[in-house]
Undergrad: 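One structure, pasted below without further comment.
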Amino acid sequence: DIQMTQSPSSVSAYVRDRVTITCRASQGIRNYLAWYQQKPGKAPKLLIYFASSLQSGVPSRFSGSGSGTDFTLTISSLQPEDFAIYYCQQTHTFPPTFGAGTKVEIK
Amino acid sequence: EEQLLESGGGLVQPGGSLRLSCAASEFIFSFYGMTWVRQTPGKGLEWVSSISGSGVSTYYADSVKGRFTISRDNFNNILHLQMNSLKAEDTAVYYCAKDREAQPSYHMDVWGQGTTVTVSS
C-alpha cells in the first residue's frame, strides 16, 4: 500500500496566520490527492480533490498544490473555525490510503 | 442538503455479526459510488469498502475481504455493510460516504455522522 506521511503532526498558529501542511506519498501518485478537515466529534469534510481542485462551498483561503510525491495544503489566513485536524488521502493506487493527520491548534 | 444517516452499530462479541445501514437523502443515490470508512484512535482513517452506483462493482480492503459485504438498495436509497466474523481490531467508528462519481474515485464529498462498532467479550 502507498504510505502517506504528513508533516508536521501538529502546528500552533494565530488567527490570520498563513499555515502550510505537507503530505508526501511513498510513490508517485500524479495529482490523485485529496485533503479533508475533521473537527472533534464530526465526520471528515472534503476540502480539495485532485490536489488543487476546491470542493464546492469550501472557502477560497484553502488551496492545494503538488504532483507526484509532494503536496501541500495552505490556509492563507487562518480563521477560528479552521482549527481542526487535516488529512491527506491518495486515490491513485488501490487501496486508497490516508495520512495520519495534522492538528492545527490555536496559539 | 445531501445527507447520510448511519445506523446499526453496537457492541458485539468476537466472531459475531453486525449489519450497518446508511440512509441517503437529497441526491440521486444510484448516480454515485458509495464508501465505508472507519476510524480508530490508533490507526486513524481506514478505507474499508466501496461500491459503484449500479452496485455491480464492489471493492474491499484486505483486512475485511471475505468477512464484510457491501451492498446497496437503489430503490430505497440505502447502503449496507454486512460484517461477519468480527474481530477486536474491527472496533471503530464507521462512516458511510458518498463518492463524487458513479464509479468510485474515493473522493468522498458527503459523509454520515458515524456509527460506533465495538467488538469485545
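Residue numbering restarts at 1 for every chain, and letters A, B, ... go by the order of the sequence lines.
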Undergrad: Could you measure the distance from the CG atom of B:L45 to the CD1 atom of A:I85? Nearest 0.5 Å is fine.
TA: 9.0 Å

Undergrad: When hydrophobic residues are tied together by side-chain contacts of less than 4.5 Å, even through go-betweens, does A:F62 share a cluster with A:V15?
TA: yes

Undergrad: Hey, quick one: are B:V12 and B:L81 part of the same hydrophobic cluster, counting side-chain heavy atoms closer than 4.5 Å, chains of contacts allowed?
TA: yes

Undergrad: Identify the heavy atoms of B:G112 and A:A43 that sit nearest to each other, and give their distance.
TA: O-CB, 3.1 Å

Undergrad: Are the side chains of B:S105 and A:T91 in touch, meaning some heavy atoms are under 4.5 Å apart?
TA: no

Undergrad: Could you check whether A:Y32 and B:H107 have their ring centres less than 6.0 Å apart?
TA: no

Undergrad: Using modelled atom types and a 3.5 Å cut-off, is there a donor and acceptor pairing between side-chain atoms of A:Y36 and backbone atoms of B:M108?
TA: yes

Undergrad: How long is the gap from CG on B:D62 to CG on A:D1, to the nearest 0.5 Å?
TA: 7.0 Å

Undergrad: Are B:I70 and B:I78 joined in one hydrophobic group, where the rule is that I, L, V, M, F, W and Y side chains link up if heavy atoms are under 4.5 Å apart?
TA: no

Undergrad: Hey, what do you get for OG (A:S56) to CZ (B:R100), rounding to the nearest 0.5 Å?
TA: 9.5 Å

Undergrad: Do A:F50 and B:V110 share a hydrophobic cluster (ILVMFWY, side-chain heavy atoms under 4.5 Å, transitive)?
TA: no

Undergrad: Would the distance check show the side chain of A:Q89 and the main-chain N or O of B:Y106 forming a donor-acceptor pair, the cut-off being under 3.5 Å?
TA: yes

Undergrad: Check whether A:Q38 gets within reach of chain B through its side chain, its backbone, both or neither, counting any heavy atom under 4.5 Å.
TA: side chain

Undergrad: Ring-plane angle category for A:F94 and B:Y59, please: parallel below 30°, perpendicular beyond 60°, tilted otherwise.
TA: tilted

Undergrad: Looking only at heavy atoms, which two atoms of B:E46 and A:F98 are closest? And how far apart?
TA: N-CD1, 4.3 Å

Undergrad: Is it true that atom CZ of B:R67 has more than 12 heavy atoms of other residues, nucleotides or ligands lying nearer than 6.0 Å?
TA: yes

Undergrad: Find out if a path of hydrophobic residues (ILVMFWY) with successive side-chain heavy-atom gaps under 4.5 Å connects B:L86 to B:V64.
TA: yes

Undergrad: Verify the neighbour count for atom CZ of A:R30: are there more than 12 heavy atoms of other residues, nucleotides or ligands below 6.0 Å?
TA: no

Undergrad: Can you name the nearest heavy-atom pair linking B:Y95 to A:K42, along with the distance?
TA: OH-O, 3.5 Å

Undergrad: Side-chain contact, heavy-atom cut-off 4.5 Å: B:W111 with A:K45?
TA: no

